[in-house]
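Predicted model only: the values in this text are computed from it and were never measured. Lettering of chains follows the sequences in order, A, B, ..., and the numbering in each one begins at 1.
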Protein chains: 2
Amino acid sequence: MRHLLANIKIKVDENVYLKDPESTEKGRQIIQNAILLIDELGLESFTFRKLAEKIGTTEATIYRYFESKHMLLVYLISWYWNWLEYRLVFATTNIAAPEHRLRIAIGILSGKVEDDMDFAHISEVILQRIVVAESAKAYLTKDVDADNKEGFFLSYKRLCRRISAIIQEISPTYKYPDSLVSTVAESAHYQLFFAQHLPSLTNIDNGQNNQLQDFLTDLVFKAIEEK
Amino acid sequence: MRHLLANIKIKVDENVYLKDPESTEKGRQIIQNAILLIDELGLESFTFRKLAEKIGTTEATIYRYFESKHMLLVYLISWYWNWLEYRLVFATTNIAAPEHRLRIAIGILSGKVEDDMDFAHISEVILQRIVVAESAKAYLTKDVDADNKEGFFLSYKRLCRRISAIIQEISPTYKYPDSLVSTVAESAHYQLFFAQHLPSLTNIDNGQNNQLQDFLTDLVFKAIEEK
DNA sequence: TTTTTAACAATAGTAATACTATAGTGTTTC
DNA sequence: GAAACACTATAGTATTACTATTGTTAAAAA
């Protein structure tokens, strides 16, 4: 599978960046080290200056790629959702049963990362940690509406729509397919976060990867079951 | 009910503040106007300087009550969860059927605010908007573990434990009562947020208050139903 | 009543932050 | 050979979160 992915590039919507970081070596350095540094410091303490220092350049260079720290975060998150969507499409083609496809989708949302599915300069495991801890900050802003109009959240919406469609295939009468999908997607994040940091809020045991998937799968299939 | 509440004070854990804002007029002014200002500007643009200006004082005064902006947010959120817990206990005493109590709990988590249940200087409706939009930022930090050790999240955990206990009463074999409760609590927040700002991610129609409650109630009861 | 204490106001200051501006270097492109 | 471009280097701005100090007032303790 690796050689197949060598020819694949996860594309992020054009108006998220000023200059495509995938198009140059410096750009890829920025992405790669931004992921490492945000994971290490947290979004609040992460600055363009520190990132510039780390890759031996100056803030000005990074600002040529991304308008702001916020947009860099939006970029990383969009990349992540596009990556999940790619994996979902790949894993569900030629599978007839929508129940089976839904199971796969929930597995992907639960954060199962197969290590052979990696891209050169992006550490997917670390990126996932960032998405868990920081993605909510991308939309919990006074600028949501403006950002939404600019299309910054299209990747997320596209993935959710796709999974919602599977649910509607299984259970056309279920009234809340979109809410269910976004609930599962978000739940997956903070259940992982709670398992690590606030364990009394969850029954998911850190490390036992399948518990989260089990919890969410159970939740979804019971919710949409037709009587 | 109002005159009953006149004698009730929602108490926030002592180590969340430096000086109890409920103990002085200035303190109550700080809380009241902080709620208004955070709602208006969003947490990022909200500053102690602006708040001080609004209530005709200086930053120094506010810093005597709260160590930092972060702690003020923690205070507001703790107050909110304590308020929900109070309402939950009040609304479920003397109700025998755990199913009925659980229904009430989900209603409260869904954000049903009865207007007659208000405290003098705290606008619960606005506070709820703040909790929806900003509460995740209180724990999505590099300091979670330290903050958690200090007991900053006890209110939230206490409320969740209480509801989790009801679930266990109904369905002692269900494996994920804590995860289910925190999922519902968090889901309630961003489903409301999505309904307002990213409507394609939800089927909840803004304004139709019962939809959210319906969605969550359906989700929970189906999940814990024993076969 | 005097003394002490506390709450607050007023002012100033610090290091860091997010970002902008500008000038210059080296490499590629027409 | 000139223009365009990517990047570096340096400097600067307004604002931020927060600290420190000093002075005023008003109430509590002696």
Completion exercise
Picking from D:dA17, C:dC8, C:dA21, the nucleotide nearest the side-chain atoms of B:Thr47 would be D:dA17
Problem - Between A:Ser164 and A:Asp178: side-chain donor-acceptor atoms closer than 3.5 Å - result: yes
Exercise for the section: Before accepting this row, confirm whether a basic side-chain N of the pair B:Lys142/A:Glu44 lies closer than 4.0 Å to the acidic partner's carboxylate O. Expected result: no
Handout entry: Residues touching DNA chain C, which here means a heavy atom under 4.0 Å, drawn from residues 140-149 of chain A
Key = none
Exercise for the section: Grab the CD-C1' distance between B:Glu59 and D:dT19 for me, whole Å please. Expected result: 10 Å
Exercise for the section: Would you tell me if any nitrogen or oxygen in the side chain of A:Tyr63 comes within less than 4.0 Å of OP1 or OP2 on D:dC7? Expected result: no
Completion exercise
Separation of C:dA18 atom C1' from A:Leu72 atom CG, nearest Å, is 13 Å
Exercise for the section: Answer yes if the ring centres of B:Phe66 and B:Phe48 are under 6.0 angstrom apart, and no otherwise. Expected result: no
Practice task
Taking only Lys NZ, Arg NE, NH1 and NH2, and the carboxylate oxygens of Asp or Glu, determine whether A:Lys137 and A:Glu134 approach each other closer than 4.0 Å.
Solution key: yes
Problem - Separation of atom CZ in A:Arg49 from atom P in C:dT20, rounded to whole Å - result: 14 Å
Exercise for the section: Verify the contact: side-chain N or O of A:Lys50 to OP1 or OP2 of C:dT17, cut-off strictly under 4.0 Å; return yes or no. Expected result: yes
Exercise for the section: Check whether any side-chain N or O of A:Lys11 sits under 3.5 Å from a backbone N or O of A:Asn82 as a donor-acceptor pair, and report yes or no. Expected result: no
Problem - Value in whole Å for how far the C1' atom of D:dA17 lies from CZ of B:Phe46 - result: 12 Å
Handout entry: Integer-rounded Å distance: C:dT27 P and A:Lys26 NZ
Key = 13 Å
Exercise for the section: Specify the separation, in whole Å, of atom CG of B:Leu51 and atom P of C:dC8. Expected result: 13 Å
Exercise for the section: List the atom of A:Leu51, the atom of A:Ala34, and the distance in Å for their closest heavy-atom pair. Expected result: CD1-N, 3.5 Å
Problem - Spacing of A:Leu41 atom CG relative to C:dT17 atom C1', expressed in whole Å - result: 14 Å
Practice task
Classify the nucleic acid contact of B:Gly27 as base, sugar-phosphate or nothing, counting any heavy atom under 4.0 Å across all strands shown.
Solution key: nothing
